[in-house]
Amino acid sequence: MIVAKPKPFPFLTEQLRPYRKVAVVGCETCVAVCLAGGEREVRRLAQALELERRVRGGVELLTLPLTVKRQCEYEYLEPLRETLKGVEAAVSLGCGVGVQYLAAAFPELWVVPGLDTLMAGGPTALGVWEEYCRLCGECLLHLTGGICPLTRCAKGLLNGPCGGASEGRCEVNPEVPCAWILIYERLRRFGKEELLRHLTPPKNWQLAQGRGPRKLVREEVRG
Amino acid sequence: MKEFEPIIVAFCCHYCAYAAADLAGSLRLEYPPGIRIVEVPCSGRVEEELILKAFAEGADGVLVAGCLEGDCHFQKGNIRARKRVEHLRQLLKEIGLEPERLAMYHLSSAMGRRFAEIAWEMAEKVAGLGPSPLRRRTREG
C-alpha cells in the first residue's frame, strides 16, 4: 500500500486561514489502512479545524467531511460535484496521487495536501510501517527470494552482501536486518544459493525516473 | 456572582469507572455537580472525535476513566485510550485550548472514593482555567 502520514495540524490551519467553507476529503484505500486518511481521520480533522477556528476567532469555518472509495480515480470523485458546489478549498487526506486527482477534477477548488506521502510499504506491527518497494519498474524478486535489496539494503546493492553487516544487522542502520543475509538464508532454505552467483548488471533507471512521469499503456485492456 | 462551575464530560468505562461512580453515590460521597457521566463499554471506545465533539458542544473539561493497567476487559482498551488522550492533548494545544482540560485516569470498580477524588481534582483544575473559550462562544456559562 501507499504509506502516508498526517501533516502537522498548524500547517493545515495556516493554509486554510482565508477560507470559510472547506471540504476534508479522505480515501478509503491505502491511506485509510495506514490510519492517515480514512473516514475516522477525516471526521477528526474536520472537527479539529472547526474548533481551532472557533477558539482563535475569525470567520466561521464550515467543514464538509467526505470520504471516497478511491481518490485516484475520477469516477469516484465525480459524485462529489454537487456537494462541492460553493466549497472554496479542500484538504485532501489522499496520497499525492489523490491530491492531484482531486485538484484536476475540480479546477475551481483550492486543494491542500493533508498528508505527506512516504512510501510503498506495509505494516510490520501496530503503528509501524516499513518500505518494501522502490517502484523501480523492473522487479528482481525472483533472484532474491522475495526480499528486495534495492529497498531493504541501505546501499541498494544489486549484488550483495557488502560484508559490512554485524550480527545480521546493517552497518548503516543497526535497527535494520541485512537484506542480503535475509536473501542468503531464504535462498539456502530453497536450495537456491546458486542464484547468488548470478551477477545482476546495472539497472535501467530510466524505467524508474529517467524520463519524467512514467506512463503505462496496455493495449489489451485499453478502452 | 455565582462561582464558575465547570462542566466536565466524563467518559466512564462500564467495567470500572462507571461502577465506581455508582459506588461513590451509594457511599453518599459528594462530587461536583458539573460532572456529566457518559457510560462507554470500554475507555478504548472513546475516539478522538468523540472527545473533540464534547469540547465543541461546550464542555470545559473532558475526562476519560478506564480500568487499572492490566485490568482491561478487552485487554488493551485502557492503554489505547491513554495513548489517544496523550496525543489529543497536543492537538488541543494546537487548537488553542489548554491541554489540562483533558485527562485520563485509571481506577477499579471498587474505588468509589477515588472516583469522587478524581472528579474534584478535575473540577478544581478546570475551574482554575476558567470556562472553555468554546463555551463562551456557544452559550454563556
Side chain of A:Arg44, backbone of B:Glu47: donor and acceptor closer than 3.5 Å?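 Checking the backbone N and O of B:Glu47 against the side chain of A:Arg44, no donor-acceptor pair under 3.5 Å is found.
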In terms of heavy-atom proximity below 4.5 Å to chain A, should [X] be classed as side chain, backbone, both, or neither?
{"X": "B:Lys93", "value": "backbone"}
{"X": "B:Gln90", "value": "neither"}
{"X": "B:Glu94", "value": "both"}

Report, as yes or no, whether the 6.0 Å neighbourhood of atom [atom1] on [X] holds more than 12 heavy atoms from other residues, nucleotides or ligands.
{"X": "B:Tyr18", "atom1": "OH", "answer": "no"}
{"X": "B:Arg113", "atom1": "CZ", "answer": "no"}
{"X": "B:Lys53", "atom1": "NZ", "answer": "no"}
{"X": "B:Glu39", "atom1": "CD", "answer": "yes"}

Out of A:Glu50, A:Glu52, A:Arg40, which one racks up the most heavy-atom pairs below 4.5 Å with chain B?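 Answer, by heavy-atom pair count under 4.5 Å with chain B: A:Glu52.
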Qualifying side-chain hydrogen bond (donor to acceptor under 3.5 Å, both in side chains) pairs, either residue in residues 165-180 of chain A, two or more places apart: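 Qualifying pairs: A:Lys155-A:Glu171.
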Show me the pairs that pass side-chain hydrogen bond (donor to acceptor under 3.5 Å, both in side chains) and involve residues 120-131 of chain B, at least two apart or across chains.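 Only B:Tyr105-B:Glu121 qualify under side-chain hydrogen bond (donor to acceptor under 3.5 Å, both in side chains).
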Any idea which heavy atoms bring [X] and [Y] closest together, and the distance?
{"X": "A:Ala48", "Y": "B:Leu91", "answer": "CB-CD2, 3.9 Å"}
{"X": "A:Gln47", "Y": "B:Ala56", "answer": "OE1-CB, 3.5 Å"}
{"X": "A:Val55", "Y": "B:Pro133", "answer": "CG1-CG, 4.2 Å"}

Residues 15-36 of chain A: residues contacting chain B (heavy atom under 4.5 Å, by number):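 Within residues 15-36 of chain A, near chain B: nothing under 4.5 Å.
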Using a 4.5 Å heavy-atom cutoff, which residues in residues 107-138 of chain A come close to chain B?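 A:Leu126 fall under the 4.5 Å cut-off.
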